[in-house]
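Please read the structure below before turning to the comments.
Reminder, nothing fancy here: chain letters follow the sequence lines and each chain counts from 1.
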Amino acid sequence: MRCAPNPNGPWHVGHARMPAVIGTYRERYDGWFCVRFDDTDPETKRPDMEAYDAILEDLDYLGFEPDEIYRASDRLETYYEHARELIEMGGAYTCSCSGEEFSELKNAGKPCPHRDKDVETVLEEFEDMIDGEYSSGEMVLRVKTDIEHKNPALRDWVAFRMIDTPHPRAEASEYRCWPMLDFQSGVDDHLLGMTHIIRGIDLQDSAKRQQFVYDYFDWEYPEVVHWGHVQLDDYDVKVSTSTISALIEDGELDGWDDPRAPTLKSLRRRGIRGEAIVDSMVELGTSTSDVDLAMSSIYSNNRDLIDEETDRRFFVREGTEVPLTESPPAEANPPLHPNHEDRGVREIPSGDAVLLEADDIPAAENRVWLKGLGCFEHTDDSLAYTGDDIDVVREGDVDVIHWVPAAESVPVRLRTMDGDVSGRAEPGVAALEADELVQFERVGFARIDHHESDGGEERTVAYYTHP
RNA sequence: GCUCCGAUAGUGUAGUCCGGCCAAUCAUAUUGCCCUCUCACGGCAAUGACCAGGGUUCGAAUCCCUGUCGGAGCACCA
């Protein structure tokens with residue numbers, strides 16, 4: 001099987017579907033899969049030189065290593081060879097009709113005057129195409145199919161055309177005569193031994209087009225499955241490389257890993273495992289209709305992977321300072337993980353005042369349990385310690401909330417899909433290493449991205465993963 | 001205009017080929033309860049779907065027709 005990306009940018013989430021499915025099938029059926037960059041249009045689908053590696057990185061993030069990597073732009077001579085053979089069999093002809101002219105004839109089911117040229121002339125003109133004797137638009141090589149075929153999409157399609165713009169890869173920059181996807185991909189799929197092809201519904205007619213070439217060569221066409229497009233809920237940004245690219249260009253997004261971008265780099269930075277994405281993609285199946293992938297499905301799969309190993313911490317968003325009175329304990333020691341007491345406890349000093357989230361501040365005279373610290377009653381704009389008897393919580397009339405000390409907490413900027421959130425976290429967070437995952441209790445999971453200096457004070461930047 | 005394809009709960013999916021075991025599977029979501037010093041994890045329960053109309057048949061989610069809705073191609077893009 002193959003994954004045949006157009007290297008025009010890093011991958012968005014939808015791109016994960018192909019490697020997820022074929023990578024899973026490879027493991028399940030002891031198969032083989034390659035990545036083949038179908039980079040045969042140096043102009044309108046001009047390859048982005050950085051995208052080749054970016055895509056391979058994304059693939060690695062998902063947890064797959066291709067058995068082989070090809071670039072179509074390295075294989076032009078192979079395509080030329082096959083074109084020559086096809087011409088000799090009378091299966092293709094050079095054509096100098098303009099696009100409009102040919103389109104009219106085609107729609108009327110009429111052949112163009114070039115269709116009956118003799119093989120020698122076609123061969124000569126094709127060599128001239130290869131030698132760059134024509135410029136863009138002057139000459140194409142068409143596959144002779146059935147000019148009266150009831151589906152106009154299949155009639156004498158273009159196999160090679162001239163492109164004046166040099167290919168960005170130095171190795172391919174001298175070529176001017178480029179194959180179209182249906183020819184290139186059709187030939188490669190056979191040559192590289194594909195047994196199964198999965199592709200989008202936009203390529204529904206490809207197999208039918210390529211079948212004509214396969215018939216000329218007497219090849220057997222691989223099994224083919226078409227699937228629809230994937231859209232994601234929870235995102236304002238369309239899942240489209242060009243859309244995302246434009247938003248980055250305009251400064252609407254900070255980059256391919258902006259948490260608001262539906263890209264693999266973004267999910268990775270948020271601390272979502274590639275495996276969770278793969279699991280969700282495989283669950284989507286391969287139906288031909290368009291599907292909506294619920295982000296909650298990815299989140300659920302990710303929680304399965306990270307919950308047990310992720311330590312807990314406190315983080316208070318936009319905290320309100322409340323003084324503590326009546327001598328509460330000086331330090332709280334909640335466990336790093338409730339299901340794994342052996343990992344130890346955190347050391348959180350309480351100090352004279354704590355920060356709480358506005359919604360958590362109890363009404364006057366009401367009690368609240370500061371997790372790890374004890375029970376407090378809201379009196380006179382402060383929280384008065386009333387004891388450490390956990391039974392008040394068990395009885396159900398006191399809520400347990402998270403908190404941080406006003407003095408010894410550390411500033412955190414949490415980057416989320418809905419923008420940045422400022423707050424403060426318990427002291428231990430400053431010592432966490434980049435890339436570590438935490439669960440901010442009652443807030444959600446987050447990935448520590450880096451620590452930065454903000455006017456003399458150290459600040460931690462984290463990316464929100466999911467609830 | 002021509003040519004393809006599709007339609008099962010909020011989302012995804014099983015079942016459709018070879019009609020009965022489907023008053024429809026599983027996951028996720030939502031809600032409630034239990035567990036819990038988290039609104040995490042875990043356990044239990046509830047909610048919720050065969051696009052519409054005809055036809056064939058003893059019997060249709062499954063076969064046929066029509067319609068509706070949605071998607072795709074008809075590029076010298078991939």
Side-chain angles (χ1 to χ4, degrees), chain A residues 4-8 37-41 43-47 72 95-100 102-103 106-107 109 134 136-142 149-155 157-163 177-178 180-182 184-185 199-206 208-209 226 228-233 241 279-301 303-304 306-308 310 312-314 332 334-335 337-340 369-375 388 390-394 398-402 439-445 466-467:
Chain A
N6 169 26
N8 63 346
F37 291 102
D38 282 353
D39 54 349
T40 56
D41 184 348
E43 197 166 276
T44 48
K45 291 271 165 125
R46 188 170 177 76
C95 169
S96 54
C97 291
S98 73
E100 301 81 65
F102 187 82
S103 181
K106 181 199 69 183
N107 289 333
Y134 301 101
S136 176
E138 287 182 353
M139 188 67 81
V140 299
L141 184 75
R142 289 185 184 282
H149 197 284
K150 65 173 181 172
N151 184 347
L154 307 187
R155 297 172 186 165
W157 45 274
V158 173
F160 285 83
R161 82 297 208 188
M162 304 301 300
I163 293 177
C177 176
W178 287 91
M180 298 286 288
L181 173 87
D182 280 320
Q184 174 267 122
S185 159
R199 61 179 151 221
I201 41 173
D202 46 330
L203 265 23
Q204 275 175 123
D205 291 332
S206 272
K208 293 172 191 160
R209 282 207 191 94
H226 294 105
H229 300 289
V230 181
Q231 279 301 323
L232 300 173
D233 62 358
T241 304
D279 291 347
S280 289
M281 287 296 173
V282 171
E283 285 165 14
L284 283 186
T286 58
S287 79
T288 60
S289 36
D290 289 352
V291 293
D292 291 328
L293 172 60
M295 286 305 293
S296 58
S297 158
I298 293 179
Y299 298 161
S300 171
N301 284 324
R303 262 194 303 271
D304 280 350
I306 67 171
D307 185 68
E308 284 299 315
T310 303
R312 271 52 174 167
R313 300 287 180 175
F314 288 152
H337 192 113
N339 305 349
H340 300 277
W369 184 278
L370 298 191
K371 187 166 178 174
L373 199 60
C375 189
D388 62 352
I390 193 62
D391 284 343
V392 297
V393 171
R394 296 207 171 108
V398 176
D399 289 333
V400 176
I401 63 167
H402 62 294
Q439 188 209 56
F440 289 133
E441 295 195 54
R442 304 211 307 137
V443 175
F445 292 88
H466 51 63

Contacts of E43(A) meeting side chain to side chain donor-acceptor pair (under 3.5 Å) (sequence neighbours excluded), chain-then-number -> T165(A)

Please give, in whole Å, the distance from U38(B) P to I306(A) CD1?
-> 19 Å

Just the atom pairs and distances: protein N or O near nucleotides 25-31 of chain B's N or O, under 3.5 Å.
unit_1 : atom_1 : unit_2  : atom_2 : d
A29(B) : OP1    : R303(A) : NH2    : 3.4

Gap between atoms CD and C1', on Q231(A) and G70(B) respectively (whole Å) = 14 Å

Could you tell me the separation between the CE atom of M162(A) and the OH atom of Y134(A), rounded to the nearest 0.5 Å?
-> 9.0 Å

Check every strand shown and say whether G372(A) touches a base, only sugar-phosphate, or nothing at a heavy-atom separation below 4.0 Å.
-> base

Side-chain heavy atoms of E308(A) within contact of H340(A), under 4.5 Å | yes

Between A9(B) and U30(B) - C1' atom distance, rounded Å | 12 Å

With H149(A), which residues qualify under ring-ring contact (aromatic ring centres under 6.0 Å, His included), at least two apart?
-> none

Side-chain contact test, heavy atoms from C-beta onward, threshold under 4.5 Å: evaluate it for L284(A) versus S280(A) and give yes or no.
-> no

Taking the P atom of each, how far is C74(B) from G20(B), in whole Å?
-> 40 Å

K371(A) NZ - U38(B) C1' separation (whole Å) | 5 Å

Who passes side chain to side chain donor-acceptor pair (under 3.5 Å) against T310(A), sequence neighbours left out?
-> none

Dot-bracket notation for RNA chain B, counting Watson-Crick and G-U pairs under 3.5 Å, with | for partners on another strand = (((((((..(((.......[.....)))((((((.......))))))...(((((..]....))))))))))))....

For nucleotides 43-51 of chain B, which of its nitrogen or oxygen atoms have a protein nitrogen or oxygen under 3.5 Å away, and what is each distance?
none

Kindly indicate whether the side chain of D290(A), heavy atoms from C-beta on, has any atom under 4.5 Å from the side chain of Q231(A).
-> no

Can you check the D307(A) CG to U36(B) C1' distance for me, whole Å?
-> 13 Å

Given protein heavy atoms under 4.0 Å, the one-letter contact record of nucleotides 72-78 of chain B, with B base, S sugar-phosphate only and - none, is simply BBBSBBB

Check whether any side-chain heavy atom of P47(A) lies under 4.5 Å from a side-chain heavy atom of F37(A), and answer yes or no.
-> no

Separation of the P atoms in U8(B) and A49(B), to the nearest angstrom = 13 Å

Ignoring backbone atoms, test whether S280(A) places a side-chain nitrogen or oxygen under 4.0 Å from the OP1 or OP2 oxygen of G12(B).
-> no

Check every strand shown and say whether E43(A) touches a base, only sugar-phosphate, or nothing at a heavy-atom separation below 4.0 Å.
-> nothing

Is the closest side-chain heavy-atom distance between L293(A) and L232(A) below 4.5 Å?
-> yes

Output yes when K208(A) and D182(A) qualify as a salt bridge under the 4.0 Å nitrogen-oxygen rule, no when they do not.
-> no

Atom CG of D279(A) and atom C1' of U13(B): how far apart are they, to the nearest Å?
-> 15 Å

Close side-chain approach of E283(A) and N301(A), heavy atoms under 4.5 Å | yes

To the nearest Å, how far apart are W157(A) CH2 and U3(B) C1'?
-> 18 Å

Interatomic distance at P, G6(B) relative to G42(B), whole Å | 38 Å

Which part of the nucleic acid, if any, lies within contact of R394(A), taking any heavy atom under 4.0 Å across all strands shown: a base, the sugar-phosphate backbone alone, or nothing?
-> sugar-phosphate

Measure the distance from NE2 on H226(A) to C1' on G6(B) and round it to the nearest whole Å.
-> 13 Å

Heavy-atom side-chain contact between R199(A) and H226(A) under 4.5 Å = yes

Pick out the pairs of N or O atoms, protein on one side and nucleotides 64-66 of chain B on the other, that lie under 3.5 Å.
none

Whole-angstrom distance between A78(B) and U16(B), as gauged at atom P | 39 Å

Closest-nucleotide 5' rank along RNA chain B - winner of H402(A) and S289(A) = S289(A)

Using the C1' atoms only, state how far U28(B) lies from U56(B), rounded to an integer number of Å.
-> 39 Å

Who are the salt bridge (charged side-chain N to carboxylate O under 4.0 Å, His left out) partners of D279(A), not counting sequence neighbours?
-> none

Here the distance between atom C1' of A9(B) and atom CG of D292(A), to the nearest Å, is 15 Å

Minimum side-chain heavy-atom gap D41(A)-R161(A) below 4.5 Å = yes

When the P atoms of G15(B) and G53(B) are considered, how many whole Å apart are they?
-> 26 Å

Sequence neighbours excluded, which residues qualify as side chain to side chain donor-acceptor pair (under 3.5 Å) partners of K371(A)?
-> E441(A)

In chain order, what residues pass the salt bridge (charged side-chain N to carboxylate O under 4.0 Å, His left out) check against R312(A), with sequence neighbours excluded?
-> D307(A)

Determine the interatomic distance between P on G19(B) and the same-named atom on C63(B); round to the nearest Å.
-> 9 Å

Contacts of R303(A) meeting side chain to side chain donor-acceptor pair (under 3.5 Å) (sequence neighbours excluded), chain-then-number -> none

Calculate, to the nearest 0.5 Å, the distance between atoms NE2 and CG belonging to H402(A) and L370(A) respectively.
-> 10.5 Å

